[in-house]
Amino acid sequence: SAVISQKPSRDICQRGTSLTIQCQVDSQVTMMFWYRQQPGQSLTLIATANQGSEATYESGFVIDKFPISRPNLTFSTLTVSNMSPEDSSIYLCSGSGSYNEQFFGPGTRLTVL
Amino acid sequence: LAKTTQPISMDSYEGQEVNITCSHNNIATNDYITWYQQFPSQGPRFIIQGYKTKVKNEVASLFIPADRKSSTLSLPRVSLSDTAVYYCLVGRRDNAGNMLTFGGGTRLMVKP
């Protein structure tokens, strides 16, 4: 299994600003993903972070709003750009193992005022 | 894209066996079935994964009938600490891109 950490664990931001969330894996993983989860609701996949190339975004999510980097096999960042209160959510990073089971980070709780 | 359907919630008592069924009628040939557990304020945790028949590990069993249109997660002798949301996920295992759609999940409440 892989252990995944995220920074920050939570933040309160002002409308119009941007926040970059970091995701670190303690071992190499095949794929990394970013999810969003509203409190009490299920997870929604934002994008797949590809090493050395542009991320693959799901329907409804665009690179300008959620730029993602993955410079190596153990690290990725997600930026939430030009934030609005609607972006308030929990953002989760995950990495996939040998059988594409996913290991999740603890999440970043974002509040936009 | 295989959609999953699970009961929204279930109640149980300590020491009982809990079975949570997930329907995935349009599962594809290459799809695997994976279950996750999520506690409040934590990320989901991998429980078990299977393709067909029965899979068992130290925490759970997964039963998959021959037609693979459903699966059942079985938790033996639950305790209060098993109170969590359980998600059934269906997707490909290859690296060509996973279609990873979390369903609504089942909120399990274990009572003393």
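Computed from a predicted model, the values in this text were never measured in an experiment. Lettering follows sequence order; numbering is per chain, from 1.
Contact of A:L43 with chain B is made through backbone and side chain together, with heavy-atom distances under 4.5 Å.
The heavy-atom pair separating B:R107 from A:G40 by the smallest distance is NH2-O, 3.7 Å. The shortest non-hydrogen separation linking A:Q37 to B:Y87 is NE2-OH, 3.4 Å. Closest of all the heavy-atom pairs between B:G104 and A:S42 is CA-CB, 4.2 Å. Shortest non-hydrogen contact noted between A:L92 and B:G43 is CD2-CA, 3.7 Å.
Other residues, nucleotides and ligands contribute only 12 or fewer heavy atoms inside 6.0 Å of the CD1 atom of B:I8. Heavy atoms from other residues, nucleotides or ligands lying under 6.0 Å from CD of A:Q28 number 12 at most. Within a 6.0 Å sphere centred on OH of B:Y13, heavy atoms belonging to other residues, nucleotides or ligands number 12 at most. In this structure, A:I63 places its CD1 atom where more than 12 heavy-atom neighbours from other residues, nucleotides or ligands lie under 6.0 Å away.
For B:F102 and A:Y35, the ring centers sit closer than 6.0 Å to each other.
Residue B:Q38 holds its CD atom at 8.0 Å from CZ of A:F104, rounded to the nearest 0.5 Å.
Under the 4.5 Å side-chain heavy-atom criterion for grouping Ile, Leu, Val, Met, Phe, Trp and Tyr, A:W34 is not connected to A:F103 through any hydrophobic cluster. When the side chains of ILVMFWY residues are joined at heavy-atom separations under 4.5 Å, either directly or via intervening members, B:L75 and B:I33 end up in a single hydrophobic cluster.
Side chain of B:Y36 to main chain of A:Q102: a donor-acceptor pair is present (N/O by atom type, distance under 3.5 Å, no hydrogens or angles).
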